[in-house]
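Letters go in sequence order (proteins before strands), and every chain restarts at 1. Basis for what follows: all heavy atoms, side chains included, without hydrogens, waters or symmetry-related copies.
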Amino acid sequence: MTLKVRDISRRPGELLDPISPEELVPLPPPYDKPEDQPGWKPINPGSSERLVCNLDGVVATSLPQPKDPEEQRRYVDQFAAGLKKLLDKNNNWTFLQPLLLSLEYCVRCQTCNDACPVFTASGGKEIYRPTYRAEVLRALVGKYAKPGGKLLARLAGNDIELNWTAISRLYELCYRCTLCRRCAQTCPIGVDNGLVTRELRKLFSQELGWAPKELHEKGTVLQLRSGSSTGMNPLVVKDNVEFIDEDIGEETGLAVHTPWDKEGAEVLLIHNAGEILSWPENPGAFAIILNAAGIDWTLASDEVGYDGVNYGLFYDDVQLARIALRHVQVAKKLKVKKIVMGECGHQHKAMVTVSDRILTGQMNIPRESCLVLLERIVFSGKIKFDPSKNDFPVTLHDPCNIVRNLGIVEPQRRILRYLCPQFREMEPHGVNNYCCGGGSGFAVMSGNNFTDWRVSVASRLKFKQILDAFADQPGPEVKKYVCAPCSNCKGQLRDLFQYYGALEKSGITYGGLVELIVNAMVDVKEPFIKWEMH
Amino acid sequence: MSAVIIIVAYFSLAVFVIVAVYRTLRVATLPVHLRWELAPVPHEKGRSHYGGSYLEEYEWWKKPRSRSLISELIYMLQEILLLRGVWEHHRRLWWFSLPFHTGIYLLIGAGALLLVAAGLDWAGAAAAGVMARAAVAVALVGHLLGALGALGLLVRRLTDPRLVAVRTAGTLFNLVFLLAVFTTGAAAVAMADRPARRLVECTQAVLTADFSAAIPGLLAVHLLLAFLLLAYLPFTPMLHFVAKYFTYHRVRWDDDPLVARPRLEGEVKELLEQPVSWSAPHVASGGGKRWIDIARELPEE
């Protein structure tokens with residue numbers, strides 16, 4: 001029987017729509033046999049008793065079971081209050097207009113369905129349909145936030161019940177969408193189901209205080225408190241970067257130096273601090289390139305100023321604004337001419353566009369993508385390149401937040417066409433790309449069995465298009481490189497490739513754009529790219 | 001019968017205008033939102049064909065924006081007249097959605113021709129007859145296309161598994177209603193004796209509120225349904241032709257940086273002063289602190 005919108009509040013003890021790996025669309029060989037794949041980790045019994053698991057059998061949010069019916073009722077009441085705030089000009093001026101347009105004008109044509117990589121990869125699972133959660137919100141708003149709603153809902157046969165089952169499932173369901181906005185791109189009306197999902201996440205966070213701990217406690221809260229979502233304080237981050245400079249210097253034979261807190265610098269570069277810990281070759285490569293090109297640049301050691309992460313973009317306007325303001329305050333203090341975003345997609349979107357309208361007056365310091373600066377440098381003639389050093393198959397992953405959301409499409413391609421003789425596109429690519437599967441914070445969320453879901457389902461079409469891009473040389477004997485100029489995308493690709501053993505079976509690894517640039521530099525004698533999974 | 005139709009016509013027109021204007025103004029006067037653009041943005045000159053934006057430009061803030069309003073216009077015309085988005089992303093629906101929408105456009109055109117014909121007829125101009133016959137032809141084609149489209153869309157709603165799963169009584173009702181309007185319209189025009197004359201007389205009767213005018217049965221039924229649809233339409237998502245302006249121009253393609261719009265900055269400053277009452281502890285709204293203060297401060301641990 002087809003799942004209905006109102007079913008979200010029914011059958012409280014059951015999974016609403018369970019998913020299993022067997023239902024997913026097939027992958028090309030040698031990944032086409034589900035029995036050869038690692039399978040999904042079961043949720044351990046302790047967790048399943050402690051945590052809410054009533055959606056699809058996957059747990060991303062680790063929502064604790066309520067203590068008693070009273071607590072359930074309290075949350076339901078809070079949700080109802082949040083629903084009204086979401087539609088209120090004071091509380092939600094930030095996104096009210098696009099939200100209302102999306103809620104009130106969808107004609108239910110389902111044109112968006114096939115654009116969704118999660119829905120498609122799942123074999124068309126109803127709860128992953130991009131319109132499903134929007135329909136739930138629409139029905140709840142219609143019934144509980146509008147005058148006469150209860151009567152109208154009954155007449156229209158859309159009588160959804162607002163109860164604990166509904167809100168707990170809806171909360172979990174908000175974390176089955178990567179907010180890639182591919183659905184929005186295809187909607188003839190301009191309805192944005194990605195935005196609807198984000199607004200639901202916001203309601204849960206800003207009213208009920210519900211958000212995945214990886215995004216909130218260990219994300220924005222930790223960043224605002226200690227300086228970085230990695231937990232690195234200013235001393236630690238400077239120490240780590242110094243170590244990277246030394247290490248990369250030894251490796252390349254170049255003097256690598258990262259300047260800190262240089263007042264009046266042309267460029268304040270803000271990395272995603274995750275790069276410093278997980279992919280140190282990336283900040284190292286940036287230092288080599290910027291120094292070789294003679295750029296007047298600096299990193300900032302003030303708290304928050306050395307970590308471009310802003311998970312608020314994914315779930316909470318308040319946290320988004322707090323972090324964005326601190327980024328700008330650090331730049332103002334250093335009197336830099338502009339902020340340049342490192343290879344981090346959501347940092348780009350948060351800083352360049354979404355925060356733009358809260359940066360009034362002197363706070364609106366110029367902000368630029370590193371991809372644009374890198375293109376400028378590569379074609380400036382200041383650095384000598386030997387593209388034959390990159391003579392291996394390379395394809396480009398387009399981070400949604402840089403490409404679809406900002407329209408920065410060609411600079412990175414012009415670099416790759418110049419420096420990588422075997423560069424080839426994935427299909428589809430550019431603004432029509434598929435999300436890596438780690439979007440909207442998924443890449444850092446790994447509780448319970450969620451990693452299995454995000455690599456198997458959310459990344460499935462991405463993995464397929466990567467394999468297709470290298471179909472002419474599928475074996476592991478030819479090493480291949482997926483260029484992903486985004487920290488979260490790299491995190492997701494790392495988990496994806498490890499899950500399927502893509503390096504061993506297909507010779508596929510991943511990395512950023514700057515690594516390819518440095519690898520092609522004449523002055524760098526040893527290969528900079530290491531063919532290993534890291 | 002004509003009295004009923006004329007009263008319903010004025011009532012429906014009034015409801016349509018009031019509700020449509022109200023809903024449009026309501027959206028138009030909502031506060032400016034944070035930027036939420038989405039590529040491709042067609043006014044990006046030289047870049048829109050691949051979805052690029054001015055942000056690809058080195059130090060874009062130092063350079064003049066290069067916009068192409070013609071590209072934007074072409075995109076909108078393709079979207080409005082040819083349903084470009086549906087063609088690209090939902091081809092099976094497009095085959096019916098296009099005649100359906102084209103039918104509606106033709107009927108709007110036929111209505112305009114009839115108004116002109118009625119005016120010319122009052123003025124005793126010879127062109128009135130030509131104009132009325134053109135209106136009849138356009139109306140007939142419009143109704144037939146509309147009926148074909150509505151029927152096709154209804155069949156798709158009833159048979160396509162992807163649409164069956166999400167169909168509601170409301171979506172089916174809307175299509176049946178539209179189908180009834182189109183089919184009665186086509187039949188009334190096709191079966192009328194001297195349809196051009198009839199339609200001009202009918203138009204004049206409605207314009208002058210002439211309750212004594214004779215309106216033939218089938219045409220009366222059609223007009224009644226059509227005017228009721230007019231009154232019903234603005235309460236539904238079928239008003240999306242208005243919403244589309246906002247979703248495209250004020251959301252997807254609204255990519256102006258704040259520094260380029262000083263008036264907007266004033267509006268934003270006011271919004272930052274708004275009181276906020278979100279309840280989660282980390283927001284620390286204190287039941288009504290200003291938005292900007294909440295963003296500047298960190299809650300105590």
Side-chain angles (χ1 to χ4, degrees), chain A residues 2 78 85 89-91 93-98 100-101 104-111 113 115 126 131 156-158 181 184-186 188-190 195 205-209 221 224 318 321-322 325 352-354 356-357 359-360 364 366 369 372 376 404-411 430-431, chain B residues 27 30-41 44 50-53 55-56 58-59 61 79 83 85-86 89-90 93 162-163 165-166 168-171 237 240 243-244 246-248 250-252 257-259 265 268-269 271-272 274-283 294-296 298:
Chain A
T2 311
Q78 276 184 293
K85 290 175 190 174
K89 281 183 190 176
N90 286 353
N91 278 298
W93 64 269
T94 47
F95 285 105
L96 185 57
Q97 189 182 55
L100 282 184
L101 287 165
E104 293 183 1
Y105 291 98
C106 174
V107 294
R108 301 181 166 97
C109 66
Q110 310 304 319
T111 299
N113 289 186
E126 193 57 34
T131 52
N158 211 8
R181 299 181 76 204
Q185 231 176 3
T186 65
I189 312 290
L195 175 79
S205 178
Q206 293 185 184
E207 188 65 16
L208 287 80
V221 172
L224 288 164
V318 174
R322 284 173 175 161
L325 288 177
V352 178
T353 58
V354 178
D356 183 54
R357 289 182 182 161
L359 302 177
T360 54
N364 206 299
S369 168
V372 175
R376 177 91 172 182
R404 186 172 8 263
N405 286 296
L406 298 197
I408 300 174
V409 186
E410 274 296 309
V431 296
Chain B
V27 173
L30 284 170
V32 62
H33 52 85
L34 299 187
R35 277 173 66 183
W36 199 247
E37 60 246 46
L38 185 65
V41 178
E44 291 288 355
Y50 64 82
S53 77
L55 297 170
E56 291 186 329
Y58 177 73
E59 299 198 333
W61 55 93
E79 184 55 44
L83 310 184
V86 186
H89 304 294
H90 204 166
L93 208 64
R162 184 125 335 154
L163 294 172
V166 292
T168 61
T171 52
H240 59 254
K244 243 171 137 154
F246 296 99
T247 55
Y248 279 74
R250 299 270 292 262
V251 183
R252 274 190 191 186
L258 191 64
V259 288
E265 183 160 343
V268 168
K269 280 180 176 165
L271 291 167
L272 292 171
Q274 298 292 327
V276 173
S277 64
W278 291 101
S279 301
H282 73 274
V283 177
I294 288 171
R296 281 183 188 143
L298 286 186

(message) Within the structure provided, determine whether A/T111 and A/P188 are in side-chain contact (heavy-atom separation under 4.5 Å).
(response) yes
(request) Taking atom types as modelled, find out whether A/Q110 and A/T131 have a side-chain donor-acceptor pair closer than 3.5 angstrom. (result) yes
(request) Rounded to the nearest 0.5 Å, what's the gap from NZ on B/K244 to CD1 on A/I189? Could you check? (result) 5.0 Å
(message) Quick check for you: to the nearest 0.5 Å, what is the distance between B/L55 atom CG and B/E37 atom CD?
(response) 7.0 Å
(request) Please flag which part of B/R252 lies under 4.5 Å from any non-hydrogen atom of chain A: side chain, backbone, both or neither. (result) side chain
(message) Heavy-atom cut-off 4.5 Å, strictly under: side chain, backbone, both or neither for A/L325 against chain B?
(response) side chain
(message) For chain B, which candidate among A/N113, A/V354, A/L208 shows the most heavy-atom pairs at distances under 4.5 Å?
(response) A/V354
(message) Quick check on B/L93 against chain A: is it the side chain, the backbone, both or neither that has a heavy atom closer than 4.5 Å?
(response) side chain
(message) Under a 3.5 Å distance rule, please check whether B/S53 uses its side chain to pair with a backbone N or O of A/L406 as donor and acceptor.
(response) yes
(request) Check each atom of A/V352 against the heavy atoms of chain B and say whether the ones under 4.5 Å are side chain, backbone, both or neither. (result) both
(message) Among A/P366, A/C106, A/G430, which residue has the highest count of heavy-atom pairs closer than 4.5 Å to chain B?
(response) A/P366
(message) If I measure from the heavy atoms of chain A, does B/E44 come under 4.5 Å with its side chain, its backbone, both, or neither?
(response) neither
(request) Considering only heavy atoms and a distance below 4.5 Å, find which of B/G85, B/G52, B/G170, B/P40 pairs most often with chain A. (result) B/G52
(message) At a 4.5 Å cut-off on heavy atoms, which part of A/R376 comes close to chain B: side chain, backbone, both, or neither?
(response) side chain
(message) Quick check on A/S369 against chain B: is it the side chain, the backbone, both or neither that has a heavy atom closer than 4.5 Å?
(response) neither
(request) Please state whether the side chain, the backbone, both or neither of B/W36 comes within less than 4.5 Å of a heavy atom of chain A. (result) both
(request) Under 4.5 Å heavy-atom distance to chain A, tell me which part of B/Y58 shows up: side chain, backbone, both or neither. (result) both
(request) Let me know if B/E79 has heavy atoms under 4.5 Å from chain A in its side chain, its backbone, both or neither. (result) side chain
(request) Using a cut-off of under 4.5 Å on heavy-atom pairs, state which of A/T353, A/V431, A/N405 scores highest against chain B. (result) A/T353
(request) Examine whether an atom of B/S277 lies under 4.5 Å from a heavy atom of chain A, and if so say whether it belongs to the side chain, the backbone or both; otherwise answer neither. (result) both
(message) Between A/F95 and B/L34, is there a side-chain heavy-atom distance shorter than 4.5 Å?
(response) yes
(request) Could you tell me which of B/I294, B/T168, B/L271, B/V27 has the largest number of non-hydrogen atom pairs under 4.5 Å with chain A? (result) B/L271
(request) Check whether B/V32 gets within reach of chain A through its side chain, its backbone, both or neither, counting any heavy atom under 4.5 Å. (result) both
(request) Mind running side chain to side chain contact (heavy atoms under 4.5 Å, CB included) on B/L38 and A/R404 for me, showing each step along the way? (result) CA-CA 6 Å; B/L38 185 65; A/R404 186 172 8 263; 3.6 Å; yes
(message) Taking the side chain as everything from C-beta on, heavy atoms only, tell me whether B/P31 gets closer than 4.5 Å to B/Q274.
(response) no
(message) Which atoms of A/L100 are under 4.5 Å from chain B, going by heavy atoms: the side chain, the backbone, both sets, or neither?
(response) side chain
(message) To the closest 0.5 Å, what do you measure between CZ (A/R322) and CG (A/L224)?
(response) 7.0 Å
(message) For the CD atom of B/E265 and the CG atom of A/L359, what is their distance to the nearest 0.5 Å?
(response) 10.0 Å
(message) Checking the side chain of A/K85 only, and the main-chain atoms of B/V276 only, is there a donor and an acceptor separated by less than 3.5 Å?
(response) no
(request) Output all residues satisfying salt bridge (charged side-chain N to carboxylate O under 4.0 Å, His left out) with A/R181, sequence neighbours left out; order by chain, then residue number. (result) A/D192
(message) Please identify, among A/E126, A/K89, A/E104, the residue contributing the most non-hydrogen atom pairs under 4.5 Å to chain B.
(response) A/E104
